[in-house]
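Here's the structure, in structure tokens; my notes come after.
Note that ligands are numbered from 1 as they come in the structure, with each ligand's atoms numbered from 1 the same way.
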Amino acid sequence: MGEQYRPQIHFSPEAHWMNDPNGMVYFAGRYHLFYQYYPGASVWGPMHWGHATSNDLVHWQQQPIALYPDSLGFIFSGSAVVDKNNTSGFGKNGKTPMVAIFTHHDTAQAKTVANTFQNESIAYSLDSGKTFTKYARNPVLKNPGISDFRDPKVMWFEEGKRWIMTLATKDRVTFYSSPNLKDWTKESEVGQGFGAHGGVWECPDLFALDYAGKKVWVLTVSINPGAPNGGSGTQYFTGQFTGHAFIPTDTITRWIDYGPDDYAGVTWSNTGDKTIFLGWMSNWAYAATVPTTKWRSANTLPRVIGLQKIGREFFISSQPIKQLDSLVASNKTQTAFKAENYHYTGPEKTPLKITLNTGSLQSFSLVLSNDVAEKTIVGYDSATARYYINRNKSGIIDFDKKFACYATAPRISHATTISMEIYVDAASVELFADQGLSVMTAIVFPSTPYNKIAISAIGKQKIKLLRVSPLKGIWK
Ligand code: FRU
């Protein structure tokens, strides 16, 4: 796992095609990550669920494929839950079932006009996710005639003592409930008249966060195309969930990550008070043509989701999980210097974590570059109050004309200084600004690794702290 562009701090499959993370669940001391996988090539094809496990969400072990396509179709995206009370009856001899809920996508039927080719099915595992048995009476939720009817995300709703399925249904989200994961009843729909609608709605999620002792519910929905920086992206809404319906607080569209490469992300199931989110670090606009051929795609870093009130509105914050600190190999810290024309005397090798705190809100940029003058620029523009990642000259960009871009994100924080955490891997840059209130993820393909860091600013911006931390790779 040492090829050029092989992510060293992110999960990627050893070979072949991966897209959405699926079935993320914490079970018996291990984090499970399933994912959309095609083992036959490095482009999308008949979908399986690949599988990887981790004790810390940082180091991953690849596992055998968990779900194969069958007579009902390809195995599209979905979720997994721990059925502690054995509501499904799948548990035997005291063994708790892990139940996967996914979309069966029938390609033969997709060619007909009926629009009923996506249906929801289940499978269970009694050996901690090693092997799954598909339920004999699949599908458990039949399509009423909606062309896009997929990506079930299921959670246990304790107040109502039943399961809630959040399903993407074309241009909206539909909620279903079930006592046993097998029989589903439609509850309500949401999404008409608000949110971004530049593309089809996919991979939704619904979860509660705590704000000053009160529950605030968050509904996330990925859309493709129609994201703020082009192609694929994930919007979210805050509100209340009654057990039957989601009532949004307002109709403002917010984005979980404004960069071009965080898609189809959802949260882990069964992680208690912690809400941990993971996305697919790519974009449908060019995912199949990026210059890696043995495998294609990686995931973002796992992120802990929090909630903040800025002014009178709620915003999500996403911060890289703390366990990543275990990868820090060393730190080099410089304090209190002028941002104007500063060259960090490295060179340091990726993967890297860069921590930067400013003394004011003036514009500045941090330039990552290599020996052949390719660069990715991460910065803040005070005139527009926006963060940006500019990958127009980042390296190989000609595999798709939509790839080169100057992506921006609004600054949400009201603080009077800026803080940034930037994770630079072999083929990606992730910016977490202001404790994760403004987040951007972008993949990049420099012809040689970035080994230089410079800061530039026009005006009086002062850097209070710059810390460069080389990281150990996660693959043994
Ligand atoms: C999102 C998506 C899902 C679907 C899966 C198919 O990226 O289009 O809606 O289930 O990918 O691979």
For the residue pair [X] and [Y], categorise the inter-ring angle as parallel (less than 30°), tilted (30 to 60°) or perpendicular (more than 60°).
X	Y	value
Phe34	His51	parallel
Phe11	Tyr35	tilted
Phe403	Tyr286	perpendicular

Note the single closest protein heavy atom to [atom], along with its residue, its atom name and the distance in Å.
atom	result
atom 8 (O) of ligand 1	Glu202 OE2, 2.8 Å
atom 12 (O) of ligand 1	Gln36 OE1, 2.6 Å
atom 1 (C) of ligand 1	Asp20 OD2, 2.9 Å
atom 10 (O) of ligand 1	Asp151 OD1, 2.6 Å

**Prompt:** Is there a heavy atom of Asn19 sitting under 4.0 angstrom from any atom of ligand 1?
**Reply:**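 Within the 4.0 Å threshold, so yes.
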
**Message:** Heavy-atom contact check, 4.0 Å cutoff: does Trp44 meet ligand 1?
**Reply:**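 Contact present.
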
**Asked** Which residue, Val429, Ile389, Asn392, Asn390, forms the side chain to side chain contact (heavy atoms under 4.5 Å, CB included) with Ile377?
**Response**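 Checked Val429, Ile389, Asn392, Asn390 against Ile377; only one passes side chain to side chain contact (heavy atoms under 4.5 Å, CB included): Asn390.
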
**Mode of Asn224 contact toward ligand 1 - side chain, backbone, both, neither (heavy atoms, under 4.0 Å)** =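 Contact part for Asn224 vs ligand 1: neither.
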
Counting each atom of ligand 1 from 1 as listed, which ones have a heavy atom of [X] under 4.0 Å away?
X	result
Phe76	4 (C), 6 (C), 10 (O)
Ser77	5 (C), 10 (O)
Tyr263	1 (C), 7 (O)
Met47	12 (O)
Arg150	3 (C), 4 (C), 9 (O), 10 (O)

**Prompt:** Among all residues two or more places apart in sequence or in another chain, which pass the side chain to side chain donor-acceptor pair (under 3.5 Å) test with Asp250?
**Reply:** Arg254

**Residues that Arg411 engages under side chain to side chain donor-acceptor pair (under 3.5 Å), provided they are two or more places apart** = Tyr387, Asp434

**Request:** Indicate whether any N or O donor in one side chain lies under 3.5 Å from an N or O acceptor in the other, for Ser12 and Arg6.
**Result:**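 There is such a pair (donor and acceptor under 3.5 Å, judged by atom type) between the side chains of Ser12 and Arg6.
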
**Request:** Kindly indicate, with the supporting measurements, whether the criterion side chain to side chain contact (heavy atoms under 4.5 Å, CB included) is fulfilled by Ser177 and Glu187.
**Result:** CA-CA 7 Å; Ser177 68; Glu187 294 288 345; 2.6 Å; yes

